[in-house]
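Please read the structure below before turning to the comments.
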Amino acid sequence: MASITKEQLIELLNKDLALEYTAIVQYTQHAGVIKGAMYQSIQKELIVHAQEELQHATILASQIDYLGGVPTVDVPPARVSPDTVTMLQQDLDGENDAIQRYTVRISQAEELNLYHLAQQLRNILAVEQEHAMDLEQALGK
Ligand SMILES: [Fe+2]
Ligand SMILES: [Fe+2]
């Protein structure tokens, strides 16, 4: 017996979708205000991240609709800071949270035999891991 229902999965995917919206807002704001010559290349990366988060949101919205749910328009608050290193750490925290959530979400989708969804989530997860690597590199981790 599945330990998760389709309705519960839709609810969780809507939380993921909301946090993708937040990531778009946060990356766009951070890319706009980031200072310092040594952060020029990560600034460009943040703009690319924002665009990729929009692709994730689009995929999730269509999957939620396909499952019979209504895609959310909630946007949880983004994290901001006047300090560049703090901003990049906030972005990395968001990515690590996404990696954890999508790892769980893939098993939940497979539990419900939703293999197309699971594959889409795997693609998203791979991109979030790239995002985390970019940020770790910029932070010298
Ligand atoms: Fe994303
Ligand atoms: Fe990301």
Side-chain angles (χ1 to χ4, degrees), residues 2-141:
S3 63
I4 186 167
T5 64
K6 195 173 87 169
E7 288 65 35
Q8 287 167 330
L9 181 61
I10 290 169
E11 207 171 305
L12 291 166
L13 289 168
N14 255 329
K15 289 194 177 135
D16 298 327
L17 175 57
L19 290 168
E20 292 290 349
Y21 297 149
T22 299
I24 296 165
V25 172
Q26 186 168 314
Y27 275 129
T28 303
Q29 201 267 358
H30 289 187
V33 302
I34 215 160
K35 300 282 187 299
M38 66 181 291
Y39 293 112
Q40 266 177 7
S41 82
I42 189 68
Q43 183 177 26
K44 287 191 190 114
E45 284 299 325
L46 298 189
I47 296 166
V48 175
H49 289 195
Q51 290 163 352
E52 287 170 336
E53 309 302 10
L54 175 58
Q55 290 171 17
H56 300 167
T58 308
I59 292 165
L60 291 174
S62 110
Q63 290 285 325
I64 289 164
D65 175 75
Y66 169 73
L67 291 172
V70 179
T72 188
V73 290
D74 289 351
V75 188
R79 296 173 68 194
V80 296
S81 169
D83 174 66
T84 295
V85 171
T86 307
M87 273 189 267
L88 296 176
Q89 187 59 55
Q90 291 168 337
D91 295 336
L92 180 57
D93 292 345
E95 293 297 343
N96 284 330
D97 176 60
I99 289 165
Q100 277 196 322
R101 281 183 289 103
Y102 288 127
T103 303
V104 175
R105 215 66 75 235
I106 291 164
S107 346
Q108 291 169 328
E110 285 179 347
E111 236 181 87
L112 293 168
N113 298 325
L114 297 167
Y115 298 109
H116 178 59
L117 173 62
Q119 190 55 52
Q120 301 269 24
L121 292 168
R122 272 204 177 77
N123 296 340
I124 294 175
L125 175 58
V127 175
E128 309 302 15
Q129 286 182 337
E130 276 180 35
H131 291 174
M133 284 165 63
D134 291 340
L135 292 160
E136 280 167 2
Q137 202 175 24
L139 285 164
K141 291 193 179 185

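On a predicted model such as this, the values are computed, not experimentally measured, just so you know. Just follow the structure's listing: the first ligand is 1, and inside any ligand the first atom is 1. The first residue in the sequence is number 1, and the count goes up from there.
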**Prompt:** Can Q119 and H116 be said to form a side chain to side chain donor-acceptor pair (under 3.5 Å), step by step?
**Reply:** CA-CA 5 Å; Q119 190 55 52; H116 178 59; over 6 Å; no

**Message:** A quick test of your reading: do over 12 heavy atoms of other residues, nucleotides or ligands sit less than 6.0 Å from CD of E11?
**Reply:** no

**Message:** Counting neighbours of CD on Q137 that are heavy atoms of other residues, nucleotides or ligands and sit closer than 6.0 Å, is the number greater than 12?
**Reply:** no

**Prompt:** Can you list the steps and then say if N96 with Q100 is a side chain to side chain donor-acceptor pair (under 3.5 Å)?
**Reply:** CA-CA 6 Å; N96 284 330; Q100 277 196 322; over 6 Å; no

**Request:** Could you tell me how the ring of Y27 sits relative to the ring of H131: parallel (under 30°), tilted (30 to 60°) or perpendicular (over 60°)?
**Result:** perpendicular

**Asked** With a 4.5 Å limit on heavy-atom distance, are the side chains of D16 and E20 in contact?
**Response** no

**Asked** What is the number of protein N/O/S atoms located under 2.8 Å from the Fe ion (ligand 2)?
**Response** 5

